[in-house]
Amino acid sequence: MKNFKHHNYQTALVTLDLTEMDEHVIRYAAMISKILPLKRIFFLHVAKSLEFPEELIQRYPALMAPLDESIQADIEQKVKPYFQESDVKTECIVRDGAPIDKILKLANVKAVDLILMGRKKSLKGSGLVSSHIARKCPCSLLLVPENFKPELKKVLVPVDFSEHSALAVKQAELLTKNSSEDIALLHVYNVPAGYYKIGKTYEEFDEIISGHAKNDCAKFQKEHQFSADLKCSYLSSKLAENEKLVHTRAVEFGADLIAIGSRGRTTASSILMGSLAEKLVFHESDIPVLIVKNKGENMGFLEAILRL
């Protein structure tokens, strides 16, 4: 199988919703712009409507000033303090319409490499838009929680030894400047329910599967020329608990970020990230999650929906 090509993140898109969450996402974007080779960041807000009711305009003529310009000025005021001394070019954009469609379209038009979105916990908001974007976007997605640590030193990478996992490890190397001690790999596996049919105990079959996983990891690291110093943990779990194990291991390691590869497009009408990546999107955590995608892999689907 041909290795996926790793793309440096040079263009980012940050989505804003004019809530308290914006401050968290903008601050994180400023921090990560000092680590990644970003050259340009678009800050986007999608409003349901940019028009005032006619009765309101007649009563208050001063409201005739375009609402999009007012919102844009407000966003620029929030963004400016974080990028005053930065070489990264910033542009604030306001659109109206369906958020998911507008975000995906702009990501396509601007050839975005990375989308940053807030992941709310206590702040008001359902987070449904971020889950849809995670499934459909043609580029990597970074979900920023409210209470993240203001640093990025350690990265946990859940792996299944696929090409998508390799992309996630390569991105972790870039983020940690190839410091193997700051990257931890984790492989979560499941013992088949019918293990007893071949006369083995759960513990015996668990040892067999973990042994195969260790061999696969060694081949994975050699094939992709990853450092032999990269450490991998192996954990057995029931499928429904995999995301909890990932979070627990991330906390133990002191991870500032969880980077996981996406499985990309499965059919022309259904885009899936892989069960573990999808569960991490919804799992409540103060640790940011980076879903690493093979850029453009979902483009066929994206172009189809943009033509609707």
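Owing to the predicted nature of the structure, the values given are computational and were not obtained by experimental measurement.
Inter-residue side-chain proximity for N190 and N242 is flagged as met; some heavy-atom pair is nearer than 4.5 Å. No side-chain heavy atom of V155 sits under 4.5 Å from any side-chain heavy atom of D182. Looking at heavy atoms from C-beta onward, E243 lies in side-chain contact with L276 at the 4.5 angstrom threshold.
The CD atom of Q171 sits 14.5 Å away from the NZ atom of K293 when rounded to the nearest 0.5 Å. Of the inter-residue distances, the one linking I26 atom CD1 with M21 atom CE reads 10.5 Å to the nearest 0.5 angstrom. In this structure, CD1 on I71 lies 12.0 Å from SG on C92, to the nearest 0.5 angstrom. Here the CG atom belonging to L245 is positioned 5.5 Å from the CG atom belonging to L235, to the nearest 0.5 angstrom. Distance check: L175 CG to I32 CD1 gives 6.0 Å after rounding to the nearest 0.5 Å. Within the model, atoms CD1 of I93 and NZ of K102 stand 12.0 Å from one another, a figure rounded to the nearest 0.5 Å.
Shown here for A168 and G261, the closest heavy-atom pair between the two residues is CB-N, 3.6 Å. Here the closest non-hydrogen pair linking T11 and L38 is N-CD2, 4.0 Å. For the residue pair A134 and C137, the shortest heavy atom distance occurs at O-SG, 4.4 Å. Of all the heavy atoms in K78 and L18, the pair that sits closest is NZ-CA, 4.3 Å. Taking each heavy atom of D96 and V46 in turn, the nearest pair found is C-CG1, 4.3 Å. When all heavy atoms of L152 and Y28 are compared, the closest pair comes out as CD1-OH, 3.6 Å.
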Donor-acceptor contacts under 3.5 Å from residues 207-219 side chains, at least two apart:
residue, atom, partner, partner atom, Å
S210, OG, D206, O, 3.2
S210, OG, E207, O, 3.0
N215, ND2, G211, O, 3.4

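Looking at D17, its side chain never comes within 3.5 Å of a backbone N or O of D22 through a donor-acceptor pair. Without hydrogens or angle criteria, S140 side chain to L114 main chain gives no donor-acceptor distance under 3.5 Å. A donor-acceptor pair is defined here as one N or O able to donate and one able to accept, closer than 3.5 Å; no such pair exists between the side chain of K34 and the backbone of S86. Within the 3.5 Å criterion, the main-chain N or O of Y82 finds no donor-acceptor partner in the side chain of R27.
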Fill in: Full working for side chain to side chain contact (heavy atoms under 4.5 Å, CB included) between F83 and I41
CA-CA 10 Å; F83 291 90; I41 302 178; 3.7 Å; yes
Practice prompt. Dump the intermediate steps for side chain to side chain contact (heavy atoms under 4.5 Å, CB included) on R249 and V188, then the final yes or no.
Written response: CA-CA 11 Å; R249 177 68 184 116; V188 181; over 6 Å; no
Item to complete: Dump the intermediate steps for side chain to side chain contact (heavy atoms under 4.5 Å, CB included) on L174 and L36, then the final yes or no.
Response: CA-CA 8 Å; L174 178 62; L36 294 172; 4.1 Å; yes
Practice prompt. For the pair I75 and H45, evaluate side chain to side chain contact (heavy atoms under 4.5 Å, CB included) and give the outcome as yes or no after the intermediate values.
Written response: CA-CA 9 Å; I75 294 174; H45 171 68; 3.7 Å; yes
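Every side-chain hydrogen bond (donor to acceptor under 3.5 Å, both in side chains) that R40 has, sequence neighbours left out, goes to E91.
Close placement of the H224 and F220 rings is indicated, their centers lying within 6.0 Å of each other.
The cluster map of Ile, Leu, Val, Met, Phe, Trp and Tyr, joined by side-chain heavy atoms under 4.5 Å apart, puts F205 and Y234 in the same cluster. No continuous path of ILVMFWY side-chain contacts below 4.5 Å connects F253 to L257, so the two sit in separate hydrophobic clusters.
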